[in-house]
Amino acid sequence: MDAGGRYLAPGFIDAHCHDDLICLREPERVEKIMQGVTCLVVGNCSFSLYPTVPGSQDHLREHFSTLLGEIGADEVFESFAAYRGALDRQGMSLNVVSLVGHAALRLAVLGYDQRPATAAERARMQQLLDKQLAEGAVGLSLGLVYPPSAYADSDELQALAKTTGARGKILAAHVRSYEGALIESIDEFLGLLETSKAPGLLSHLQAAGRPNWGKIPKAIAQLEAANARGIDVSFDMYPYLAGSSYMLQLVPPAMHAGGIQALIASLRTGEGLAELRRSIEDPTAPWISKVQMIGWGNVRISGTSNPALKKFEGLDMEKAAAQDGIAPFDFMVRMILEDEGQTTIVMFQLDNADLRAACTHGLHMVGSDGLPRPGTKPHPRAFGTFPRVAGRLRRDEHWFSLEDAVRRMTSMAARRFGLKDRGVIATGMVADLVLFDETIEDRATFDDPAQLPSGIETVWVAGQAVVENSKPTGARPGRVLTN
Ligand SMILES: [Zn+2]
């Protein structure tokens, strides 16, 4: 075909996203293919929709719903093979690779208990993990700020890392702190990689909160030094100054013991409420909430499940609370109770020099970290990450050359996840491709996030067009890839 002066690149790989559930519900993944994305990496930050054992399904559904809203009984799976089967049976526009979420393993063996695993429980988690990896899951993901992953002790993390490394699979980690203890948290992760020999991917490298700005060059130096002594580690990051998570991230992990219903019950007591207030308002509390560092005005409500709370989506906590005539803290408690923990937030918390240092470093690859939740006001990264890198940041801000931008969105991730026939254009490779022009641009904003980008003409998955003339074709040539 005549590409008419446009650029042809390997299809973009979203090295970090949370599209696990939406791939089942909206297999055409329009906002992803319209960005030129041909492969998604799901199962991040300890969240995956498998494995379950008899009795753990409801725990996993409840857990996952706090991140992405209500989950159906048929939307959690016994194993990677079952999840893969469900996706492949219905077909998808693009490809998916999946990490095993630590939370699912822990919920299967310990439920929502806040305690170290016994030796027998560790062995069961290892066995369960090994089965998923043998079936084709590409690695394990930790989410060390998110209970129940946060409840694991070092023995448990080392045991699971060892199982992962023994299969040559990836260990990905949302580390324990991206704030004051960032450097120590990276050390903890590097220690797991060193003993297990698993290749590592540090999730969304950032330093959150003004007191921590400027730490990224030090963190990068730490990762470079680790590589120099033989630890194989790289990182992903999205190109925005705000992050996004669930509102429960503002609540101390210890208060999540027993799951969301236990938290709700405790907040209905004076004691629980006082404990939460202390962690949010007392700067000498043992666990410091993010709110203390970034302020309520920098926390924006992005998604809710309860229709009565929908009107607050898009507002920051100060404005939303003022509408309700109460203080932001009381408003947060109201949201947790009335939305049963299913509220997502956007947090404006990063520094541009840090972001640039991370996103232009040689160990960086692009991951959107998008939290797809149709009908809400999500972080724009779900709709704009890849065109933002290829357009604005490359062309207008000169962060990198076009070739370097493409490498961060393609071959870096393909290599990390062991996808041998993707990520570059060469004879023998599968034809996952994107054709775009110099005007490529993200159009999603924080106020109007569900906007598709422009400048992307055609996208092929396995040689079949899934986008043509900048419109989805409805084709579903994608499948679940294994390594
Ligand atoms: Zn994360």
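Everything numeric here is computed off the predicted structure, so don't read it as measured data. Order of listing sets the numbers, starting from 1, for every ligand and every atom in it.
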(message) Give me the number of protein N, O or S atoms whose distance to the Zn ion (ligand 1) is under 2.8 Å.
(response) 3
(request) Just jot down the ring-ring contact (aromatic ring centres under 6.0 Å, His included) partners of His102, sequence neighbours excluded, or say none. (result) none
(request) State plainly whether the residues Arg176 and Glu184 are in salt-bridge range, i.e. N to O under 4.0 Å. (result) no
(request) For Phe189, check ring-ring contact (aromatic ring centres under 6.0 Å, His included) against everything at least two apart and list the hits. (result) none
(request) Establish, yes or no, whether a centroid distance under 6.0 Å links the rings of Tyr146 and His256. (result) no
(request) Please determine if Arg381 forms a cation-pi arrangement with Tyr238, meaning its NZ or CZ atom is less than 6.0 Å from the six-membered ring centre and no more than 45° off the ring axis. (result) yes
(request) Would you list the pairs meeting salt bridge (Lys or Arg N to Asp or Glu O under 4.0 Å) in which at least one residue belongs to residues 404-414, sequence neighbours left out? (result) Asp404-Arg407, Asp404-Arg408
